[in-house]
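Structure first, then comments.
For ligands, and for the atoms within them, numbers begin at 1 and follow the listed sequence.
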Amino acid sequence: MHAITGTSIAEAARYLREGQCVAIPTETVYGLAANALDPAAVTQIFSIKNRPTFNPLIVHVQHFGEFEKYAREVPAMIKTLAGHFSPGPLTFVLPKKETVPDIVTAGGDTVALRIPAHPLTLELLKSLPFPLAAPSANPFGYISPVTALHVEQQLGEKIPYILDGGPCSVGVESTVITVEDGKVIVLRLGGVAVEAIEQLAGKVELRINQSSNPQSPGQLKSHYAPKHPLFLGDIASALGAHPDKKIGVLSFTKKYTHPAIAQQVQLSTAGDVNEAARFLFAGLRYLDSSEIDLILAEKLPEVGLGRAVNDRLERAAAGV
Ligand code: TXA
Ligand code: MG
């Protein structure tokens with residue numbers, strides 16, 4: 001099998017109805033989708049990605065009215081937040097109904113629901129009689145894909161179709177939240193800034209799991225890992241510490257000058273954290289495929305999507 005990359009919603013829908021996996025575009029990253037109500041189809045997601053089955057998947061639905069089909073209860077705060085941020089990069093963890101197969105939720109009692117903000121995928125969801133379970137469309141532990149070509153390069157031999165929706169506009173995965181006693185808990189930093197949620201919900205609690213064997217895959221300490229070692233810190237001082245190495249630099253705004261620099265990516269010369277998020281994974285992939293020995297990266301300011309970018313960089317560096 002080799003994937004066809006195209007823009008046919010009908011073609012993507014045909015494979016999905018047959019119980020096969022298809023790559024789909026979202027505003028955050030590309031997803032590897034299957035019929036969320038078909039355990040055999042969902043099982044293929046785990047084997048194609050080489051993903052441990054203790055990691056639950058996000059279920060993508062077309063509109064808020066679908067939530068009650070899969071969630072036992074939908075707190076008022078979730079309704080408020082969905083009304084404001086959905087479709088968009090916000091995922092809601094809710095008590096699950098029996099309609100959701102256990103393999104989707106890793107046997108847990110909750111289900112993660114999201115309405116993605118991509119016109120092709122919303123159209124696709126409308127044409128299907130089932131929701132789509134979809135993790136990011138990368139081999140487990142590697143950098144998430146933000147173009148159809150990224151998916152093709154890594155999963156092209158394992159899936160029949162890649163629905164090409166162009167480059168992802170947000171560039172980091174969705175923010176994952178839940179609500180306990182009316183209070184919002186952030187489980188994963190992502191495409192909706194914590195500050196934006198707090199404007200509607202008041203102070204949130206951050207419960208970002210750092211352990212290496214958690215319930216949540218994006219929360220594994222070492223994740224988003226490039227093949228080359230990545231060091232996160234002060235680039236200027238780190239440059240002098242590796243005199244015999246070919247270095248790839250991933251900076252926020254600055255251009256660094258040093259004879260050891262073989263490749264350099266500036267995420268946003270204008271200092272825009274949203275732009276930096278959009279280019280993060282493509283920049284990391286570019287450096288990782290270059291003739292270098294190691295990557296030096298620096299943190300963004302801890303504001304807006306800068307926090308999600310920093311979270312991904314820390315996990316990318318954790319393998320070292
Ligand atoms: O932006 C995104 O969320 C992308 C696109 C494709 O929608 N999807 C994505 O899926 O990032 P994945 O599988 O790579 O990450 C799923 C995240 C996990 O990190 C986990 O924290 C959370 O969703 N998750 C899923 N089900 C959960 C549950 N029942 N309880 C807590 N967290 C859950
Ligand atoms: Mg992922």
(request) Please confirm if an N, O or S atom belonging to Ser136, backbone or side chain, lies less than 2.8 Å from the Mg ion (ligand 2). (result) yes
(request) Under 4.0 Å, heavy atoms only, figure out whether ligand 1 is touched by the backbone of Thr110, its side chain, both or neither. (result) both
(message) Is there a polar contact, in the sense of an N or O pair closer than 3.5 Å, between Glu173 and ligand 1?
(response) no
(request) Of the side chain and backbone of Asn55, name the one, both, or neither that has a heavy atom under 4.0 Å from an atom of ligand 1. (result) neither
(message) Are Phe46 and Phe140, when compared by the centres of their aromatic rings, separated by less than 6.0 Å?
(response) no
(request) Go through the steps for Ile162 and Ile4 under the test side chain to side chain contact (heavy atoms under 4.5 Å, CB included), then give the verdict. (result) CA-CA 6 Å; Ile162 299 168; Ile4 293 166; over 6 Å; no
(request) Could you pull out, from Ala23, Ala134, Pro25, Gly171, the option with a heavy atom nearest to atom 8 (N) of ligand 1? (result) Ala134
(message) Given Gly190, Ser174, Pro56, Ser144, identify the one with the heavy atom nearest to atom 27 (C) of ligand 1.
(response) Pro56
(request) Would you mind listing which atoms of ligand 1 come within a distance below 4.0 Å of any non-hydrogen atom of Ile58? (result) 3 (O), 8 (N), 9 (C), 10 (O), 16 (C), 23 (O)
(message) Could you see if Leu149 belongs to whatever hydrophobic cluster contains Val29? Use Ile, Leu, Val, Met, Phe, Trp, Tyr and a side-chain cutoff under 4.5 Å.
(response) no
(request) Indicate yes or no: does an N/O atom of Tyr30 lie under 3.5 Å from an N/O atom of ligand 1? (result) no
(message) For Ser268 and Arg278, which I'm curious about, is there any donor-acceptor pair between the side chains at under 3.5 Å?
(response) no
(message) Any heavy atom of Thr105 closer to ligand 1 than 4.0 angstrom?
(response) no
(request) Please could you name the atoms of ligand 1 that Ala112 approaches to less than 4.0 Å, counting only its heavy atoms? (result) 25 (C), 26 (N), 27 (C)
(request) Answer yes or no: does an N/O atom from Arg51 fall short of 3.5 Å to an N/O atom of ligand 1? (result) yes
(request) Please work out which of Leu32, Val176, Ile208 has its closest non-hydrogen atom nearest to atom 22 (C) of ligand 1. (result) Val176
(request) Give the intermediate values and the outcome of side chain to side chain contact (heavy atoms under 4.5 Å, CB included) for residues Asp102 and Lys96. (result) CA-CA 10 Å; Asp102 281 340; Lys96 92 172 184 78; 3.6 Å; yes
(request) Could you give me the CA-CA distance, side-chain angles and deciding distance for Leu296 and Leu294, then say whether side chain to side chain contact (heavy atoms under 4.5 Å, CB included) is met? (result) CA-CA 7 Å; Leu296 296 181; Leu294 57 95; 3.7 Å; yes
(request) Run the numbers for me: atoms of ligand 1, each under 4.0 Å from some heavy atom of Thr28, listed by number. (result) 1 (O), 2 (C), 4 (C), 5 (C)
(request) Would you indicate which of Arg207, Lys96, His60 comes nearest to atom 7 (O) of ligand 1 when only heavy atoms are counted? (result) His60
(request) May I ask you to check if ligand 1 and Arg114 share an N or O to N or O distance below 3.5 Å? (result) yes
(message) Geometry only, no angles: is Lys49 polar-contacting ligand 1 at N/O separations under 3.5 Å?
(response) no
(request) Output all residues satisfying ring pair (Phe, Tyr, Trp, His ring centres under 6.0 Å) with His63, sequence neighbours left out; order by chain, then residue number. (result) none
(request) Report the residue from His60, Glu173, Arg114, His118 that forms a side chain to side chain donor-acceptor pair (under 3.5 Å) with Thr26. (result) Arg114
(message) Would Leu206 and Val194 count as a side chain to side chain contact (heavy atoms under 4.5 Å, CB included) here? Give the steps.
(response) CA-CA 9 Å; Leu206 295 188; Val194 167; 4.1 Å; yes
(message) So, using ring pair (Phe, Tyr, Trp, His ring centres under 6.0 Å) as the criterion, who are the partners of Phe281 when residues are at least two apart?
(response) Tyr224
